[in-house]
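Worksheet: the structure to be examined is printed underneath.
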2 protein chains.
Amino acid sequence: MPRKAAKPRLKAAERREAILLAAKDIFLVEGYERTTMRRIAASLGITPTTLYLHFPDKAALMQAICDEAFAELGTAMTRATVEARTPLDAFRAVFDAYVAFGLAHPREYRLVFMTEPPPEASAHRPGIGRRHDPEDRGARAFAGFQALVRRLIETGVFHAGDATTMAEAAWAAVHGLVALLIGMPDYPPAERAALADTVARMVAEGLVKR
Amino acid sequence: MPRKAAKPRLKAAERREAILLAAKDIFLVEGYERTTMRRIAASLGITPTTLYLHFPDKAALMQAICDEAFAELGTAMTRATVEARTPLDAFRAVFDAYVAFGLAHPREYRLVFMTEPPPEASAHRPGIGRRHDPEDRGARAFAGFQALVRRLIETGVFHAGDATTMAEAAWAAVHGLVALLIGMPDYPPAERAALADTVARMVAEGLVKR
DNA sequence: GGCGTTCACTTAACGCTGTTAACTGAACGT
DNA sequence: ACGTTCAGTTAACAGCGTTAAGTGAACGCC
């Protein structure tokens with residue numbers, strides 16, 4: 001007769017981390033909509049109700065995962081910025097870092113940037129709620145990029161214009177590149193670098209003063 | 001005592017059109033996930049089961065709506081091409097038509113270009129099934145764009161390079177712009193045009209010969 | 001040592017979803 | 001008059017996110 005399994009009991013912080021780890025695995029493989037709270041719970045050997053002790057709802061659980069990804073991308077971008085010799089080098093380095101992140105973590109990128117956000121923010125419950133609005137991190141990473149563009153305009157490397165709009169335009173292009181490559185997994189790997197380079201040159205050439 | 005409403009009875013083609021019309025209204029307002037088959041049926045005064053007499057499942061219903069929309073994109077792009085005076089005008093006109101389409105049909109755009117395809121295509125049922133693979137229309141539209149880029153290279157307007165890669169680069173940029181704007185519904189409408197214009201100029205300037 | 005409280009977790013359920021099997025009743029062809 | 005087709009229904013299934021209420025072990029305190 002099989003022994004009844006001991007009930008798992010973790011401290012709140014540990015359980016929260018365990019849930020995040022398991023949920024990330026399933027979200028990244030299955031996508032947001034096809035991932036069920038019951039499946040996440042089952043993979044941890046707990047009941048779905050327990051998930052709601054640590055996260056207010058499914059959307060908040062995904063938000064927490066998104067937040068981690070945002071942090072990783074942010075550090076990669078700032079490191080690329082500070083290590084570059086010139087602002088134009090930094091521009092290209094940030095571009096490459098962004099693409100590298102997207103191609104190295106395509107499922108994370110899709111989850112963070114290509115998944116439709118849940119319609120309404122969930123109600124705030126004291127003590128449990130989501131950690132940060134991921135838009136904060138995203139906005140901060142983008143702010144650094146924007147400052148870089150502004151410097152390139154002020155030093156006369158880029159043509160005159162609104163730094164915010166120009167930074168958004170560049171970001172749109174690189175995001176489109178990453179989304180395109182992620183959406184086409186059969187795209188020949190040799191041509192991926194060529195396409196990325198073409199986009200990078202196109203963006204830079206399109207912004208430099210002539 | 002209220003009279004019992006007469007049962008609605010339409011011919012299959014009429015009912016199919018009526019369903020498409022009602023479903024489109026609800027899908028576009030509520031989004032795909034939040035739209036329920038029961039709600040579509042209720043708005044037509046029929047039962048949800050009837051929907052399955054005309055479409056194999058919810059996804060196929062949305063696909064049919066997307067197919068209509070993307071036919072619209074194809075015609076808009078070809079019209080923009082043929083009506084333009086010069087190839088460079090055509091390039092810009094196609095760009096604008098693409099962006100206008102994406103902003104006018106964000107749900108369809110997201111579903112076709114930003115949704116991860118499920119691992120297995122739904123089973124084909126004789127007589128009912130979805131009409132066309134949307135990738136066919138997409139590939140045809142891109143082929144026209146690619147031919148336009150090739151002409152711009154050959155006439156010396158764009159710098160030398162691989163036409164396919166350069167067309168993909170431009171498409172990545174405009175796709176990123178559309179995806180960005182779709183993902184940020186609160187983006188100030190006045191600035192949307194400015195951002196689209198900046199991206200369009202950036203792409204064109206980045207590809208023209210200097 | 002006993003006791004109330006806290007904490008991590010469960011059981012059982014609610015209302016909702018997409019979807020299907022089985023049935024109905026009118027219209028049509030022969 | 002009768003069998004078939006056609007458009008639509010009723011009732012149900014399995015699964016979803018989520019919640020109210022309960023359970024039992026561990027902890028602080030006297």
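Each chain gets a letter, A, B and so on, in the order the sequences are listed, and its residues count up from 1. Since this is a predicted model, take the numbers as computed values, not measurements.
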List every contact pair, protein side and nucleotides 11-13 of chain C side both N or O, where the distance is under 3.5 Å.
| from | atom 1 | to | atom 2 | distance (Å) |
| --- | --- | --- | --- | --- |
| C/dT11 | O4 | A/Thr49 | OG1 | 2.8 |

Starting at [atom1] of [X] and ending at [atom2] of [N], how long is that distance when rounded to a whole Å?
{"X": "A/Arg34", "N": "D/dG15", "atom1": "CZ", "atom2": "P", "value": "17 Å"}
{"X": "A/Leu61", "N": "D/dC16", "atom1": "CG", "atom2": "C1'", "value": "15 Å"}
{"X": "B/Arg15", "N": "D/dT5", "atom1": "CZ", "atom2": "P", "value": "22 Å"}
{"X": "B/His54", "N": "D/dC6", "atom1": "NE2", "atom2": "C1'", "value": "10 Å"}
{"X": "A/Phe55", "N": "D/dT18", "atom1": "CZ", "atom2": "C1'", "value": "16 Å"}
{"X": "B/Lys11", "N": "D/dA7", "atom1": "NZ", "atom2": "P", "value": "10 Å"}
{"X": "A/Met37", "N": "C/dT17", "atom1": "CE", "atom2": "P", "value": "19 Å"}
{"X": "A/Lys58", "N": "D/dT19", "atom1": "NZ", "atom2": "P", "value": "14 Å"}

Residue pairs, two or more places apart or on separate chains, that pass ring-ring contact (aromatic ring centres under 6.0 Å, His included) and touch residues 18-45 of chain B
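Output for this query lists B/Phe27-B/Tyr32.
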Could you list the residues that satisfy salt bridge (charged side-chain N to carboxylate O under 4.0 Å, His left out) with B/Arg201, not counting sequence neighbours?
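B/Arg201 satisfies salt bridge (charged side-chain N to carboxylate O under 4.0 Å, His left out) with B/Asp197 once adjacent residues are dropped.
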Which residues pass the salt bridge (charged side-chain N to carboxylate O under 4.0 Å, His left out) test with A/Arg39, sequence neighbours left out?
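Expected list: A/Glu30.
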Could you list the donor-acceptor pairs under 3.5 angstrom formed by side chains in residues 180-187 of chain A, with sequence neighbours left out?
| from | atom 1 | to | atom 2 | distance (Å) |
| --- | --- | --- | --- | --- |
| A/Tyr187 | OH | B/Glu168 | OE1 | 2.3 |

Show me the pairs that pass side-chain hydrogen bond (donor to acceptor under 3.5 Å, both in side chains) and involve residues 70-84 of chain B, at least two apart or across chains.
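Qualifying pairs: none.
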Contact list for residues 170-185 of chain A, test salt bridge (Lys or Arg N to Asp or Glu O under 4.0 Å), sequence neighbours left out:
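Residue pairs with at least one partner in residues 170-185 of chain A: there are none.
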Out of C/dC9, C/dT20, D/dG17, which nucleotide sits closest to the side chain of A/Leu53?
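Ranking C/dC9, C/dT20, D/dG17 by closest atom to the A/Leu53 side chain puts C/dC9 first.
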Is B/Lys58 reaching over with its side chain to a backbone N or O of B/Thr35, donor-acceptor style, under 3.5 angstrom?
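Yes; judged by distance alone, with no hydrogens or angles, the pair exists.
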Pair A/Thr165-B/Glu191, side-chain donor/acceptor within less than 3.5 Å:
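The criterion, which ignores hydrogens and geometry beyond distance, is not satisfied for B/Glu191 and A/Thr165.
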Mind checking what makes ring-ring contact (aromatic ring centres under 6.0 Å, His included) contact with A/Tyr109, not counting sequence neighbours?
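If we apply the ring-ring contact (aromatic ring centres under 6.0 Å, His included) test to A/Tyr109, skipping adjacent residues, the hits are A/Tyr98, A/Phe113, A/His175.
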Would you tabulate the nitrogen or oxygen pairs shorter than 3.5 Å linking the protein to nucleotides 3-7 of chain C?
| from | atom 1 | to | atom 2 | distance (Å) |
| --- | --- | --- | --- | --- |
| C/dC7 | O2 | A/Arg9 | NH2 | 2.8 |

